[in-house]
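Here the structure is a predicted model, which means the values were calculated and not measured. By convention in this document, chain letters (A, B, ...) are assigned in the order of the sequence lines, proteins followed by strands, and residues within each chain are numbered from 1.
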2 protein chains.
Amino acid sequence: MASTPAQPVPARAHEPETWALRALSTASAEASGALARRMRMHPTDVSAMSHIAASDGRLGPRELSGRLGITPAAMTDVVDRLEAAGHLQRRRDTTDRRRVCLVPTESAVSEVRGQLRRLLDRLDALTEEFTPAERDAIQRYLAAATEAYHGFTTEDD
Amino acid sequence: MASTPAQPVPARAHEPETWALRALSTASAEASGALARRMRMHPTDVSAMSHIAASDGRLGPRELSGRLGITPAAMTDVVDRLEAAGHLQRRRDTTDRRRVCLVPTESAVSEVRGQLRRLLDRLDALTEEFTPAERDAIQRYLAAATEAYHGFTTEDD
DNA sequence: TCCATATGTTTAGGTCACTTAACTATATGG
DNA sequence: CCATATAGTTAAGTGACCTAAACATATGGA
């Protein structure tokens, strides 16, 4: 079943939060895989549809390929798959006829939103158990952790 | 640069922590990619080495393929690559000669540990900014969030 | 003891999501 | 109006995965 990462338990000598973050990363990666499986789509295609469904309808293949970290050529394949599956339509941009707008279909938007909501509702529910002061600390911690990961990513070797 | 996920900003109507978790997931996925790139290895191979480096030296291909969510046949390819790169050795188990033990080389262990430490140290450092009570809340939240992701993953459709 | 069955690993062959490079079409500034 | 840049696609190739089958070893019961 597991379709993604799965990290080993780190070898002691780190903070409990650090272990917890690694477990969290693994769990969230597995959830992404589960989401894709449930929608019977490739993980890349789900990511693409998430962006498209949240866009203003003017998102094009080039911009999207950059966001997903794949080449424009690969993006053509992704869009081909999504269009064939009836999840979106290509529409020529009227003002710049080089551009293509990726317009999600009604059904695709509601399916993406619906499936995502199952996850996001679960996450929303977590906050009920915490006081406002605790929630403030949690939010600060999550932001700092995100920044720490980002710092590691952009760290020069 | 971006080699992984990258989620869109969710469309409102959710808790700040929920948005923060999605940003965190994206950031951690990108960090995993950066880790692999820095070690000049495939993401799968890095995951494999993480498990092997943290093992008791008796970890075999079948068990590891299960942990990584790939088939045993694919695992053979992974082990071939890692062995060719000098990161591990295959050793026949003496008590059950069907089994192969994946023994990491000295250099591989120190490289994996060294690179991982750069990340884990960053994460450890985060905790300094919080009080013990806040840290307790953070730890509870992280555990609950992990469980929420896991619940979503195993949710029957 | 010997065989049926189960388990760990590898081999063989195929698939498909990606890559790079080249091509078409459109935009734009000098 | 042409040189150059940009959006998108096509073409050809690569490699990390898959399924299926083979092989080696273990194990429990007749």
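Electrostatic pairing of A:R140 and A:D136 counts as a salt bridge here, judged by a charged N lying under 4.0 Å from a carboxylate O.
Residues B:V100 and B:R92 have side chains in contact (heavy-atom distance under 4.5 Å, counting atoms from C-beta outward).
To the nearest 0.5 Å, atom CG of residue A:D121 and atom CD of residue B:E15 are 10.5 Å apart. Separating the OG atom in B:S32 from the CZ atom in A:R22 is a distance of 7.5 Å, to the nearest 0.5 Å. Rounding to the nearest 0.5 Å places CZ of A:R122 at 13.0 Å from OG1 of B:T18. Atoms OH and CG, from A:Y149 and B:L119 in turn, are 6.0 Å apart once rounded to the nearest 0.5 Å.
Rounded to an integer number of Å, the gap from CD1 of B:I70 to P of C:dT10 is 12 Å. Nucleotide D:dT25 holds its P atom 17 Å from the CZ atom of B:R62, rounded to whole Å. In this structure, CE of B:M75 is placed 18 Å from C1' of D:dT19, rounded to the nearest angstrom. The NE2 atom of B:H42 sits 15 Å away from the P atom of C:dC18 (whole-angstrom rounding). Rounded to a whole Å, the CD atom of A:E63 is 15 Å from the C1' atom of D:dG8. Taking atom CG of B:L68 as the reference point, atom P of D:dA16 lies 15 Å away to the nearest angstrom. Distance, B:R58 CZ to C:dG8 P: 15 Å, rounded to whole Å. What separates CG of B:D77 from C1' of D:dT19 is a distance of 13 Å, to the nearest Å.
Within 4.0 Å (heavy atoms only), A:P72 reaches at least one base atom of the nucleic acid.
Contacts with DNA chain D (heavy atom under 4.0 Å) in residues 86-105 of chain A: A:R90, A:R98, A:R99, A:V100, listed by number.
Contact check, B:T44 against D:dC17: a side-chain N or O comes under 4.0 Å of OP1 or OP2. Between D:dG8 and A:T76, no contact under 4.0 Å exists linking OP1 or OP2 to a side-chain N or O.
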Dump the intermediate steps for side-chain contact (heavy atoms from CB on, under 4.5 Å) on B:L21 and B:Y141, then the final yes or no.
CA-CA 11 Å; B:L21 275 180; B:Y141 180 81; 3.3 Å; yes

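Comparing C:dC18, C:dT20, D:dT19 by their nearest atom to the side chain of A:A74 picks out C:dC18.
Each of A:V78 and B:L59 was assigned the nucleotide of DNA chain C with the nearest heavy atom; the assignment lying further toward the 5' end belongs to B:L59.
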